[in-house]
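Worksheet: the structure to be examined is printed underneath.
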Amino acid sequence: MATKKVLVTGATGQTGSIVVHKLRERADKFEVISFVRSETKAQEKLGSLKGVIVGDITDRASIDRAIAGCEALVILSSSAPVMKGPPQPGQRPEFEFPPGAYPEDIDYKGQKNLIDAAAATGVAHIVQVGSMGGTDENHYLNTLGNGNILIWKRRAEQYLIDSGITYTIIRAGGLMDEPGGHREIIVGKDDSFFIPERNMPHKLPRADVAEVVVQALLEPNAQNKAFDVVTREEGEAPPTSDFATLFAQTTPGL
Ligand code: NAP
């Protein structure tokens, strides 16, 4: 079988780097192009510079160079709020975004650049990873640095659906750094996995999200679907192994 050429953005990020490693391990199925901002960080996080292309999602020309000839795109780039000065005792930390790196710049305009570039070059499938919480415009994550991060991410999800490119939109619950493959993965919609008394979603390991991304590139049942994803506690249920059945539970549209 011919390999599928996949561009991964946010490839030096915490989840993106796991996706790159997983795709490289399946070299019989995938050729990976890793889109990074820093070659030094790529060397450190990815081990080798094989398939690494330096660029920025705010720079359309750099995306065009990286995406040429790719059949699929995985979007794991994201804006990130940074703490404003050192935390003060007894006070909630304040956050801000670097100039030019607000959610509107990265999570909306940047993703729009990626989707437009994908459309222009004939990419067949986009897997977009975002966050749960987007159904609540007053969610506290929107207040961080006045960035409205979930609102901009959701707009980008709609833009992807409207593009007509085959999509898989994966909205993760709270991410944590634990090994993957030990938990049952569950999918839902409309933020139904929120724990109301804590206004927090259930959690899941980044490695499990990364596996969902890889499986979404392989399983037809994941195409033209958008879903929330979390995991049960380890030991509560057998770990997920049948991804075709998992994706069969997901639905089209935002
Ligand atoms: P992460 O580690 O913060 O990675 C984000 C990546 O985006 C980094 O690699 C960063 O590059 C890249 N990036 C930022 N601006 C860019 C630009 N202008 N051009 C190109 N690349 C750019 O992300 P994560 O924690 O793995 O999260 C992955 C996704 O899950 C995000 O969409 C996040 O919002 C979502 N999510 C997170 C949580 C959570 O609990 N943290 C929960 C649910 C969903 P550098 O490596 O160069 O910095």
Side-chain angles (χ1 to χ4, degrees), residues 7-22 33-46 52-67 73-82 95 97-114 117 126-134 139-142 144-145 147-157 160 169-178 180 191 193-195 198-213 226-231:
L7 178 69
V8 180
T9 73
T12 47
Q14 298 168 92
T15 312
S17 57
I18 306 174
V19 168
V20 170
H21 285 296
K22 281 179 178 282
I33 305 297
S34 303
F35 194 65
V36 307
R37 292 192 292 182
S38 152
E39 225 172 53
T40 311
K41 190 170 177 186
Q43 183 72 58
E44 180 196 317
K45 299 276 285 190
L46 305 178
V52 166
I53 295 187
V54 176
D56 194 295
I57 64 166
T58 61
D59 170 13
R60 171 70 193 267
S62 71
I63 300 171
D64 287 340
R65 280 196 298 277
I67 207 165
L73 165 66
V74 173
I75 303 181
L76 264 156
S77 37
S78 176
S79 63
V82 288
F95 290 87
F97 290 90
Y102 272 75
E104 182 177 359
D105 305 310
I106 307 303
D107 298 301
Y108 185 64
K109 291 181 184 162
Q111 293 207 60
K112 207 164 158 285
N113 280 340
L114 289 167
I126 298 182
V127 179
Q128 184 188 42
V129 180
S131 180
M132 279 171 52
H139 193 281
Y140 80 98
L141 286 177
N142 287 324
L144 297 183
N148 286 324
I149 188 165
L150 296 179
I151 292 174
W152 290 115
K153 279 184 189 282
R154 198 151 173 100
R155 286 200 191 162
E157 291 171 6
L160 170 56
I169 296 169
I170 300 170
R171 301 186 195 103
L175 297 179
M176 51 185 187
D177 294 317
E178 270 187 18
D191 294 325
F193 294 134
F194 263 80
I195 307 167
R198 290 170 51 203
N199 194 23
M200 292 270 284
H202 287 271
K203 296 196 162 184
L204 76 167
R206 284 188 166 86
D208 282 333
V209 179
E211 187 60 26
V212 172
V213 168
F227 52 90
D228 301 342
V229 61
V230 296
T231 55

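Atoms within each ligand, like the ligands themselves, are counted from 1 in listed order.
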*Write down, by chain and number, every protein residue that brings a non-hydrogen atom to less than 4.0 Å from an atom of ligand 1.*
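Residues G10, T12, G13, Q14, T15, R37, K41, D56, I57, L76, S77, S78, I106, V129, G130, S131, K153, A172, G173, G174, L175, R206 each place a heavy atom under 4.0 Å from ligand 1, listed by chain and number.
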_salt bridge (Lys or Arg N to Asp or Glu O under 4.0 Å) against K22, all qualifying residues, sequence neighbours excluded_ =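 With neighbours one apart ignored, the set is E211.
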*Assign the ring pair F97 / Y102 to parallel, tilted or perpendicular, where the plane angle (0 to 90°) is split at 30° and 60°.*
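Correct class here is tilted.
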*With sequence neighbours left out, write down each residue that passes side-chain hydrogen bond (donor to acceptor under 3.5 Å, both in side chains) with D107, or none if nothing qualifies.*
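Expected list: S79, K153.
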*Pairing residues for D56 by the side-chain hydrogen bond (donor to acceptor under 3.5 Å, both in side chains) criterion, not counting sequence neighbours*: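 With neighbours one apart ignored, the set is T58.
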*Inspect the surroundings of CD in Q43 and state if more than 12 heavy atoms from other residues, nucleotides or ligands are less than 6.0 Å away.*
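Yes, because the 6.0 Å sphere around CD of Q43 holds more than 12 heavy atoms from other groups.
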*SB check E157 R171 (cutoff 4.0 Å)*: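 The answer is yes: the pair qualifies as a salt bridge.
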